[in-house]
Amino acid sequence: MSDALGLWGVPLAVASGAIRVGTPFLFVSIGECLTEKSGRINLGLEGTLVLGAVTGYGVSLQSGSPWVGVFAAGLVGALFGMLHGWLCKLPRVNDIALGIAMMLLGMGLAFFFGKPYIQPIAPMLPSLPLGFWSDSPQIRAALEVNALFFIGVALAALLWWAFASTRIGLVVRIVGDSADAARAMGYPVDLTRFLATAAGGFLAGLGGAYLSLYYPGSWNERISSGQGLMAVALVIFARWNPLRCLLAALLFGGAGALGPALQAVGVSEGYYLFYAAPYVLTLLVMVMTVSPGKQLTGAPGELSIQR
Amino acid sequence: MSQAVADKTALTAAPTTRGDLEVRLRRGAETVAVPLVALGAAAALFSLFLMLLGKSPVDFFALVAQGAFASWFSLQNTLQRAAPLLFTALCCAIPARLGLVVIGAEGALALGGLAAAAAGIATASAPSVAVQLVMATAGIVVGGSWIALVGALRHWRGINETISSLILNYIAIALMNHFVEGPLKDPASLNKPSTQAIPEGAMIGAIPGTDVHWGLVIGIVLCVVLWVLMSRTTFGFATRIVGGNLRAAQLQGLAVGPLILIACAIAGAAAGLAGMIEVAAVNGRANASLVVGYGYTGVLVAFLARHNPLAVVPIAILFGGIVASGGLIQRRMGLPDATILVLQGIVFVAILASDTLYGRWRIFQPRSAP
């Protein structure tokens with residue numbers, strides 16, 4: 001029975017893996033999208049992701065409820081975003097370099113407080129069995145989808161709608177495109193960016209909780225392997241559009257699921273090279289989408305990465 | 001930072017030599033004072049962190065001093081750990097002169113070490129000196145091209161160098177794992193997959209009378225050489241113009257692309273050489289011991305040194321000491337090994353936030369009446 005699908009198992013595993021592996025990408029990338037739309041970049045989301053993972057795991061273990069853990073992870077992420085937002089507000093502080101520092105600080109704090117949580121098993125997030133109609137255990141397993149994925153999809157749509165047709169979305173876009181214009185119109189530039197960075201941190205924290213509470217579903221020091229960082233590149237690929245962030249997250253999730261899927265059908269040659277696939281893909285899409293000396297469509301004009 | 005460099009070059013061109021000296025002294029004092037303030041603030045924040053956890057900050061810093069510098073044994077350990085930091089800090093400091101934040105040292109070190117080990121194994125039958133030279137060349141070429149790729153992507157494709165260098169770190173580590181666990185694996189290395197050992201005779205020895213390997217001396221010499229290159233040659237001057245004002249550099253007809261490429265290649269060569277030295281002087285083979293965060297700590301060292309290759313030397317030794325005392329702190333205070341990471345993170349954030357202090361204190365500003 002388990003071999004009933006044969007090689008067809010590979011595309012199925014990649015498709016379900018795209019959702020399973022792509023969900024953290026989705027949260028971090030829509031968070032980063034919001035932050036970047038306000039004209040600031042937060043490279044520290046990798047640290048936020050790891051910190052969110054350990055917070056979610058720890059709180060879930062202590063409280064017995066994974067959803068409390070998810071919320072706590074978001075709050076810690078928001079606090080971390082606030083720190084980044086507040087420091088970036090100071091004149092002459094480089095937001096890209098500061099992001100790297102926040103990434104290292106976040107990982108340090110996560111490893112520091114995470115030591116006691118490596119062994120115990122916390123309550124996990126439940127998944128929705130969307131494969132109930134099928135007899136094949138592989139299809140059933142592939143269609144176990146976590147509720148957070150649907151929350152992420154809804155948030156991406158909400159964010160897209162907010163940017164396109166709400167007043168708040170417009171203010172964020174003005175601040176991101178021209179701080180001078182926003183000031184002239186009387187909108188608070190620093191406050192908007194501060195809030196956008198905090199909200200972006202909240203979303204990245206949720207993505208971290210997904211990592212430790214659903215997939216891979218445990219806490220260890222290698223829980224995140226640069227997802228937070230790739231998400232930053234992914235936002236550029238998605239041209240700062242939350243809906244395209246969703247597609248890009250699924251694409252990257254699929255690339256990440258390729259190695260394990262091939263390994264499952266016995267192709268173990270070059271496992272570590274497949275492991276590098278998402279990073280190579282990131283670099284390739286950047287090479288293909290970015291061009292020197294030209295503003296990308298949809299790029300916020302104030303973004304320091306666009307210089 | 002680029003603004004400060006531009007100000008400096010404009011001001012040092014002032015006609016009177018007395019005013020010139022005063023400007024230099026005041027600016028120089030500022031570049032020492034601000035990082036010291038940041039270090040102090042970071043130490044205070046970290047003390048607060050320890051006190052909240054019910055640990056004594058006094059004990060902590062006493063243990064760091066003891067574990068890093070108190071005895072001849074601990075001092076040698078510190079210097080041993082400082083050696084790779086010299087190179088990885090240079091990997092960040094040199095491109096920073098052009099205004100680029102490159103953090104690819106971790107990956108360049110890993111690949112440099114891997115290439116050096118592969119080269120050493122392939123030429124094992126040659127005389128020891130030849131093997132060492134081939135290994136060093138392999139490390140330099142691979143590391144240099146790796147970071148040069150970052151520079152090329154930046155200049156010709158407009159890809160942010162920070163993001164690409166970080167991504168390349170992950171690719172480099174995946175490549176190293178592939179070779180160490182696949183084509184180059186020594187079947188005898190079961191617990192910790194490694195390449196074959198390089199020939200015994202090709203190992204880099206210790207400085208006579210110490211346990212510290214020659215890599216430390218090579219690193220310090222490289223710091224001095226690169227300081228001369230960056231501050232006393234036309235090449236260094238051209239890179240400072242690019243870093244200060246890209247548009248002005250282009251109008252002057254400076255070849256910005258090649259300058260970026262060369263600076264990045266030098267930076268990567270330094271990190272690749274660090275990998276070769278770690279293999280040839282410490283591990284004897286390439287394995288996961290190359291990926292222990294020397295690259296990221298080096299970035300921190302470079303920022304603390306304000307990207308001055310000479311200032312890299314004392315700061316690398318300071319951080320070598322902090323890393324070296326990690327074990328002692330773990331044993332005596334019952335703190336996890338990540339404590340050092342937290343301390344480094346706080347220092348890093350403080351040092352970047354302190355950029356906002358430049359130009360704020362009147363005492364460091366030159367008197368305006370000439």
Margin query: Is there a side-chain contact between A:Val280 and B:Tyr170 in this structure, where contact means two heavy atoms from C-beta onward sitting under 4.5 Å apart?
Written below: no
When the 4.5 angstrom heavy-atom criterion is applied to B:Ile340 and chain A, the contacting part is neither
Do A:Pro91 and B:Arg360 have side chains that approach each other closer than 4.5 Å (heavy atoms only, starting at C-beta)? yes
When the 4.5 angstrom heavy-atom criterion is applied to A:Met230 and chain B, the contacting part is neither
When rounded to the nearest 0.5 Å, the distance separating CG of B:Leu149 from CG of A:Leu283 is 7.0 Å
Turns out that what part of B:Leu335 lies under 4.5 Å from chain A's heavy atoms comes down to side chain
I'd like to check A:Phe112 versus B:Leu343 (side-chain heavy atoms, cut-off strictly below 4.5 Å). Are they in contact?
no
If you tally heavy-atom pairs under 4.5 Å between each of B:Tyr296, B:Phe49, B:Trp156 and chain A, the highest tally belongs to B:Phe49
The interface call for A:Leu229 against chain B, heavy-atom contacts under 4.5 Å, is side chain
Greater than 12 external heavy atoms within 6.0 Å of A:Arg239's CZ: yes
With chain A, the option among B:Asp337, B:Asn177, B:Thr162, B:Leu153 that has the most non-hydrogen atom pairs under 4.5 Å is B:Asn177
message = Is the shortest side-chain heavy-atom distance between A:Glu46 and B:Leu166 below 4.5 Å?
response = no
Exercise. Return yes when atom CH2 of A:Trp86 has more than 12 non-hydrogen atoms of other residues, nucleotides or ligands closer than 6.0 Å, and no otherwise.
Key: no
The reported gap from CD1 in A:Ile236 to CD1 in B:Ile159 (rounded to nearest 0.5 angstrom) is 8.5 Å
The interface call for B:Ile103 against chain A, heavy-atom contacts under 4.5 Å, is side chain
Honestly, the part of B:Phe303 sitting under 4.5 Å from a heavy atom of chain A is side chain
Considering only heavy atoms from C-beta outward, does the side chain of A:Met102 approach that of B:Val349 to under 4.5 Å? yes
For a 4.5 angstrom cut-off between non-hydrogen side-chain atoms, does B:Leu341 reach A:Phe111? yes
Residue from A:Ser225, A:Ala277, A:Ala276 scoring the most non-hydrogen pairs under 4.5 Å with chain B is A:Ser225
Chain B shares the most heavy-atom pairs under 4.5 Å, among A:Leu98, A:Leu87, A:Thr289, with A:Leu98
